[in-house]
Amino acid sequence: MSSGKHVLTAVAWPYASGPRHIGHVAGFGVPSDVFARYQRMAGNRVLMVSGTDEHGTPILVAADQAGRTPRETADHFNRVIAEDLRDLGLSYDLFTRTTTRNHYAIVQEIFLGLLRNGYVFPKTAMGAISPSTGRTLPDRYIEGTCPICGYDGARGDQCDQCGNQLDPIDLINPRSKVNGEVPKFVETEHYFLDLPAFAESLAGWLRTRTSWRPNVVKFSLNLLDDLRPRAITRDLDWGVPVPLPGWQDRSDKRIYVWFDAVIGYLSASIEWARRSGDPEAWRAWWQSETAEAHYFMGKDNIVFHSEIWPGMLLGYSGRGDRGGEPGRLGALNLPSDVVSSEFLTMEARKFSASRGVGILVRDFLERYDADALRYYLSAAGPETQDTDFTWSEFLRRNNDELVAGWGNLVNRSISMAAKNVGYIPAAGALTDADAALLATAKAAFGTVGEQLGRSRFKAAITDVMRVVAEANKYLSDTAPWKLKDTDPERMATVLHVALQVVDDCKSLLTPFLPASAQRIHELLGGTGTWSGMPELRAASEEGGPDYSVLTGEYRTEARWESVPLPVGRPLQPPTPVFAKLDRSIVDRELARLEGGE
RNA sequence: GGCGGAGUAGCUCAGGCGGUAGAGCAAGCGGCUCAUAAUCGCUGUGUCGCCGGUUCGAGUCCGGCCUCCGCUACCA
């Protein structure tokens, strides 16, 4: 079953302006990890990359507020976020950051490649500047009186009252939301990405994307009707320098953060290859015709992954509407799938760090297990529509499904076998019921695997839980505890079947619940690493400061198939794998939510 | 305002190339006692957001409307 395909798993880069809440990891973190772990078990060569996105105005604002430098702010939140993702068990081959020398070099190379092929051009335009800092003031950071309806709280880009799109220069009494000063409108030269020059090549490509979620394709095709050049530089001192004479050494011109962030997928792949000892290894994921690239993100990020990044890749590769030559790195593959999640709300409200609505990943993991969250997000996450996280639903999913369904099956099966036999018993002649249950579990690798390959996570985990329910029913029907004295051979057969199905379900659930799968692997007498876990490791590069990255060894014996349990392997009486939660946590967490406002 | 998505049992959600709807949980009854009072069986539940149209028949197609979410290119 091992096809050995190269599967790039590209995960959206969390922005390092603050700690992340569970809505963020619901959208891209957990789904991408389930996908990657499944692909590895299925025998494919996975490269899963991401990192923190550390440039841009919001980081500067956060830094100013905290009395820190941008770099200190980025260092701090990079650490916090990386620890969160590690504790969730997300199996990044490399989780790095956008402030590395390597990233700067790759961003500049892409910029120059696009420039050489004529897809990037300079233009002078009016822009708002903060007089005190000299930095670009983004439209949304400017407010004033709407020239159309007279509403006083209008933002520079749009009036919330009348809904009209605005140009900040037209605002009456414009002021900066950051510090209240009056912005200065000046002529400033910037480089633009010529998106209209990709209209045809993007349209041709998007029309072949029949396997994508329909809303993503439709949304993306629709955007093509109104493509405009997009600025890729800013008047800022925090970002990647523009690699051109007269620009390179200026402290007030930087590449705009969105442009550098999407390039992270490529720069992280190259950084990973260098660390692996084979600097060219990344090419197998980016340049082979048979390689796949799956991108995971929230719905607010679709445009960057289905439009802008593909445009940049086409332009660099010389395959935009105006042609050109591939850059120094060579032609680069477009995404083969763009998987977008909807949004998670918290007790019917939008997550909002500023208003204290929600729960941070680290707070969640201090009180509850990572697999409990992963289970909830896999079974009830915002896969195809916005979904609401409630504490009572979390409690219910955990107690009634994870603990009572799956945890209990594991516990009752292994307990009985450990007490009455002490090792994995051999099976005698199989009844129809025995064979049917074994066949159901075996068949699930096909059906569930098919769902996972298409990023249908809810359907996939629901199918596994159906197998779990059938196994619980099988034990009730066959009642092995009654056979101990009357028919021990039959009891041994039933327990053998039950343990085999527990082992199969453990494999089926490994992508979703890696930590508990490891424990169950051990309860069944297995040794060694079944589910590889990420770890934070020190990293360094020539000429730059040390930093740390998330990485790990994920190639284990775990396979996406039913593996016969070795008869005779010793078993110990188990302790519960999942913790049942007390009802009182609902009120306690709701009180915390209220208190946070 | 424009574009896109969503509105289905008490709750969280599936589904739907047109033939009066499903799962899990919650509720009730019964069985079992291996297991974290876990498990197994049986039982009920809905004007499928609103209004109109097409059709023998619409939750499913078409039009309009309401509400929520996202995007709207200088948030990333």
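Letters A, B, ... mirror the listed sequences (proteins, then strands); counts begin at 1.
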Grab the [atom1]-[atom2] distance between [X] and [N] for me, whole Å please.
X	N	atom1	atom2	value
A/I302	B/U72	CD1	P	11 Å
A/E470	B/G41	CD	P	10 Å
A/F198	B/A73	CZ	C1'	15 Å

Mind listing the closest non-hydrogen atom pair of A/D53 and A/Y15 along with its distance?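 Between these two residues, the closest heavy atoms are O-CD1, 3.2 Å.
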
Determine: side-chain N/O of A/K482 to OP1/OP2 of B/C32, distance under 4.0 Å, yes or no.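 Looking at the OP1 and OP2 atoms of B/C32, neither is under 4.0 Å from any side-chain N or O of A/K482.
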
In whole Å, measure the gap between the [atom1] atoms of [N] and [M] for me.
N	M	atom1	result
B/U54	B/G16	P	27 Å
B/U60	B/G19	C1'	11 Å
B/G59	B/C17	P	15 Å
B/G10	B/G4	P	32 Å
B/U33	B/C40	C1'	12 Å
B/A23	B/U43	P	11 Å
B/A73	B/C13	C1'	34 Å
B/A14	B/G24	P	16 Å

Does this structure show an ion pair linking A/K253 with A/D235, if we count only N-O contacts that are shorter than 4.0 Å?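 Salt bridge between A/K253 and A/D235, a charged N being under 4.0 Å from a carboxylate O: yes.
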
Electrostatic pair A/K123:A/D194 at N-O distance under 4.0 angstrom: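 Looking at A/D194 together with A/K123, the answer is no, because their closest N to O distance does not fall below 4.0 Å.
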
For [Y], does its backbone N or O pair with a side-chain atom of [X] as donor and acceptor, under 3.5 Å?
X	Y	result
A/T233	A/H190	no
A/R20	A/G18	yes
A/D369	A/D371	no

Of the listed nucleotides [options], the one nearest the side chain of [X]:
X	options	result
A/A380	B/A76, B/U39, B/U12	B/U12
A/K419	B/C34, B/C75, B/C71	B/C34
A/R412	B/C13, B/A35, B/C40	B/A35
A/S415	B/A35, B/U39, B/A14	B/A35
A/R234	B/C74, B/A73, B/C40	B/C74
A/M416	B/C40, B/U33, B/C34	B/C34
A/F343	B/G70, B/C40, B/C13	B/G70
A/N411	B/A35, B/C40, B/U33	B/A35
A/V257	B/C69, B/A14, B/A76	B/A76
A/K473	B/C74, B/C40, B/C75	B/C40

Take A/T99 and A/E54 through the test side chain to side chain donor-acceptor pair (under 3.5 Å) and record every step on the way to the result. CA-CA 7 Å; A/T99 46; A/E54 304 182 359; 2.7 Å; yes

Could you pick out which residue, A/F304 or A/W481, lies toward the 5' side of RNA chain B when each is mapped onto its nearest nucleotide?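 Mapping each residue to its closest nucleotide by heavy atoms, the 5'-most match is A/W481.
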
Position toward the 5' end of RNA chain B (nearest nucleotide), A/P229 or A/E383: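 Final value for this comparison: A/E383.
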
Can you give me the dot-bracket string for RNA chain B, 5' to 3', counting Watson-Crick and G-U wobble pairs with both distances under 3.5 Å, using [ ] for crossing pairs and | for partners on another strand? (((((((..((((.....[..)))).(((((.......))))).....(((((..]....))))))))))))....

I would like to know whether A/S516 and A/K506 meet side chain to side chain donor-acceptor pair (under 3.5 Å); could you show each step before the answer? CA-CA 9 Å; A/S516 52; A/K506 172 210 74 182; over 6 Å; no

Using the ring of A/F512 (Phe, Tyr or Trp, six-membered ring only), decide whether A/R374 places NZ or CZ under 6.0 Å from its centre and within 45 degrees of its axis.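 Judged by the rule (NZ or CZ under 6.0 Å from the ring centre, within 45° of its axis), A/R374 is not positioned above A/F512.
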
Step-by-step side chain to side chain donor-acceptor pair (under 3.5 Å) determination, A/H496 to A/D434: CA-CA 10 Å; A/H496 175 92; A/D434 299 342; over 6 Å; no

Should we count CD of A/Q572 as having more than 12 external heavy atoms under 6.0 Å?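 No, not enclosed.
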
Contacts under 3.5 Å, N or O only, protein and nucleotides 22-27 of chain B:
from: B/G24; atom 1: O2'; to: A/E401; atom 2: OE2; distance (Å): 3.1
from: B/C25; atom 1: O4'; to: A/R396; atom 2: NH1; distance (Å): 3.1
from: B/C25; atom 1: O3'; to: A/D400; atom 2: OD2; distance (Å): 3.3

Over all strands shown, is A/N301 touching base, sugar-phosphate only, or nothing at heavy-atom distances under 4.0 angstrom?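 The answer is base, as A/N301 lies within the cut-off (heavy atoms under 4.0 Å) of a base atom.
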
